[in-house]
Structure formats: structure tokens, C-alpha cells
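Single-structure report; data block below.
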Protein chains: 2
Amino acid sequence: MDSDQSFNVLVQGCPSREIMQRLGDKWTPLVLLALAEGPLRFTVLRQRIGTVTPKVLTSTLRTLERDGLVLRTVTAQVPVRVDYELSELGQSLLGPMQAIRVWSEEHVPKVLQARDDFDDREEASRL
Amino acid sequence: MDSDQSFNVLVQGCPSREIMQRLGDKWTPLVLLALAEGPLRFTVLRQRIGTVTPKVLTSTLRTLERDGLVLRTVTAQVPVRVDYELSELGQSLLGPMQAIRVWSEEHVPKVLQARDDFDDREEASRL
DNA sequence: CCGAATCCTCTGTGATACTG
DNA sequence: CAGTATCACAGAGGATTCGG
């Protein structure tokens with residue numbers, strides 16, 4: 001779209017930095033990944049990603065909705081039905097997010113190994 | 001390497017989740033991106049990413065070193081010279097990280113626009 | 001120059017209970 | 001079902017000072 005390449009996360013105060021840091025919120029990546037397959041209701045989404053309190057999940061979803069990444073749809077019925085789904089913008093983030101996910105899942109052994117090595121060396125140097 | 005696909009960030013308690021969440025620490029992405037081009041000394045790295053206190057930057061770097069993503073090299077001289085650089089593991093993360101960075105920088109206008117729209121709608125509904 | 005040591009603040013996160 | 005309202009807290013992050 002715009003070739004205006006004036007945003008740089010390495011520049012302090014650049015809005016892109018704040019946006020990127022939002023993406024690192026504790027539950028944000030999990031919510032986005034959970035919604036990758038399609039819309040989910042509040043409670044189902046909650047079960048999908050583990051133990052989140054309603055308050056925290058709500059605030060995470062609100063932020064995502066405000067940033068235009070998630071769409072919230074209320075269906076009038078009793079009881080009320082609320083669905084959350086990725087917006088077009090949210091889907092455009094899916095690629096990068098899944099890349100992070102895949103990396104994390106693939107390199108678990110190496111990271112854990114590195115930690116063990118590090119801790120061993122540390123302990124050894126203390127003796 | 002191992003086709004053992006038993007890690008899943010959506011599963012609560014899976015180590016991959018904790019590792020992915022580490023990647024979202026406030027300064028971690030910035031450090032990794034700043035080191036993308038090559039090794040940097042502590043002070044230079046610090047200036048590169050903005051206003052971080054030495055303590056916080058040190059602890060960020062320690063964690064990255066422990067997880068095997070960053071290499072720390074001490075050169076004995078007066079004053080001491082310490083270089084930080086990405087390990088092979090760290091470099092393997094560069095692709096995904098840069099994807100996140102590019103997305104953040106490219107979609108700043110859309111996100112800001114979405115926020116404005118959201119806030120307008122919210123204010124309108126309060127009247 | 002590189003950080004360790006201290007102290008302190010803030011806010012993201014969570015536990016609990018309640019409502020349309 | 002899908003939240004909101006309170007309260008509470010650990011711990012990440014920061015300011016400041018000092019040391020090798």
C-alpha cells in the first residue's frame with residue numbers, strides 16, 4: 001500500500017514499537033492462534049487456551065478489537081451468544097505469528113538443553 | 001531434526017508456551033533485531049534500542065544467553081570489552097522475528113485508524 | 001566500560017464474587 | 001453465557017549508586 005517506510009521499531013517512541021510490544025502480551029499470541037481456524041465463543045476460546053480469568057481474557061480481546069485485529073459479534077438470543085473471529089487485519093498477522101509458534105515448538109529441546117548447559121557452567125564456576 | 005511434534009503452545013504447561021512468551025519480553029525482540037546485523041558492544045547496543053537501564057538490559061541479555069540465543073564474549077583489556085552476538089539458534093529465530101517487525105511497521109496506520117474508529121464508536125454510544 | 005547491588009514503583013495478571 | 005466489579009499481589013521494569 002503506502003511505501004512510506006518511516007516506521008522503525010528500533011526508534012524509541014515510534015508507534016510501531018508499541019504495536020509490536022502489544023503483540024507480546026501474555027495471552028495475545030495464544031488468542032490469535034486459537035482463532036486461526038475460525039470463530040470461537042468466549043467460553044470455548046477460554047477453554048482452548050487454558051486457565052485465563054474472564055477479566056483478563058476480556059481485556060485482551062478488547063485490546064485486540066480496538067486495534068482492529070479481532071471482530072466481536074453479538075447474537076441476540078437467550079442466553080446471549082458472542083463470537084470472536086480474526087479480522088482481515090488479524091489474518092494478515094497469522095503468518096508471522098505462526099512462524100513464531102513453529103519456531104518455539106520446534107526448538108524446545110535446544111533451548112532446554114542450552115539452559116541446562118548454562119546452569120551447569122554457572123554452578124561449576126561457583127565452586 | 002526430530003519429527004517429534006509433541007509440543008503445542010496452546011496446551012497449558014507445555015514448555016513451548018513459556019519459551020514463546022519469553023520472546024515477548026519488552027526488550028527481547030528489540031535486542032534480537034538490533035543484533036541481526038552483527039555483534040555489538042553493551043553500550044552501543046543500549047543506544048541502538050533506546051532508553052534501557054543497564055540492569056534491565058543485562059538481565060534481558062542473561063536470559064537470552066541462558067536460552068542459547070545470544071553469545072557473550074569478554075575481551076580482556078582495560079576497560080573490559082564485551083560483545084554480544086546472535087548464536088546459530090538466535091539467527092534461526094531472526095526470520096520469524098523480522099516478520100513480526102515488518103508486520104508491525106507496515107500496519108501502523110491501519111492499527112491507529114482502527115483505534116480511532118473504535119474510540120469514536122465508543123464515545124458515540126456513551127451519548 | 002560493563003555491570004552488580006539496592007531500593008522502589010507500577011501494572012499486568014489473577015482470585016473471587018456478582019449481574020444482565 | 002458472557003461478562004463486570006473489586007481487591008490483591010508478584011514480579012517485570014526502572015532510578016540510582018557503586019565496584020572491578
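The chains referred to below are lettered A, B, ... by the order of the sequence lines, with proteins before strands, and numbering in each begins at 1. All values derive from a computational prediction rather than experimental measurement.
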_Just the rounded figure in Å: distance from C1' of D/dG13 to CD of A/Q12._
15 Å
_Validation row: B/M20, A/L33 side chains within 4.5 angstrom (heavy atoms)_ = yes
_For atom NZ of A/K26 and atom C1' of D/dG11, their distance in whole Å_ = 11 Å
*Between D/dG3, C/dG14, C/dC2, which nucleotide has the shortest distance from any of its atoms to the side chain of A/P54?*
D/dG3
*In whole Å, what is the span from the CG atom of A/L45 to the P atom of D/dC1?*
14 Å
_Along DNA chain D (nearest heavy atom to each residue), the more 5'-positioned of B/D25 and B/V80_ = B/D25
*How many Å lie between CG on B/L61 and P on C/dG3, as a whole number?*
8 Å
*Which heavy atom of A/A34 sits nearest a heavy atom of A/L40, and at what distance?*
O-CD1, 3.6 Å
*With respect to the phosphate group of D/dT4, does any side-chain polar atom (N or O) of A/R62 fall under 4.0 Å of OP1 or OP2?*
yes
*Short side-chain N/O contact from B/Y84 to OP1 or OP2 of C/dC1, under 4.0 Å*: no
*Between B/R81 and A/T51, just flag the one whose closest nucleotide in DNA chain C comes earlier from the 5' side.*
B/R81
_How many whole angstroms separate atom CH2 of A/W27 from atom P of C/dT11?_
22 Å
*Exam field: side chain A/R46 to backbone A/V52, donor-acceptor pair closer than 3.5 Å*: yes
*d(CG, A/L57; P, D/dC1) in whole Å*: 14 Å
*Picking from D/dG3, D/dG13, C/dC2, which would you name as closest to the side chain of B/R41?*
C/dC2
*Calculate, to the nearest 0.5 Å, the distance between atoms CG and CZ belonging to B/D67 and A/R115 respectively.*
4.0 Å
_I need the CD-C1' distance between B/Q21 and D/dA12, as an integer number of Å._
14 Å
*B/T58 side chain N/O closer than 4.0 Å to the phosphate oxygens (OP1, OP2) of C/dG3?*
no
*For the atom pair CG (A/L69) and CD (A/E88), what is the distance rounded to the nearest 0.5 Å?*
12.0 Å
*Among D/dA15, C/dT13, C/dA4, which nucleotide sits nearest the side chain of B/K55?*
D/dA15
*Any side-chain N or O of B/R46 under 4.0 Å from OP1/OP2 of C/dC1?*
no
*asked:* Does B/V82 reach a base, just sugar-phosphate, or nothing at all? Heavy atoms under 4.0 Å.
replied: sugar-phosphate
*To the nearest Å, give me how far apart CZ (A/R72) and C1' (D/dT4) are.*
12 Å
*Nucleotide of D/dG3, C/dG14, C/dG3 approaching A/T53 most closely (side-chain heavy atoms)*: C/dG14
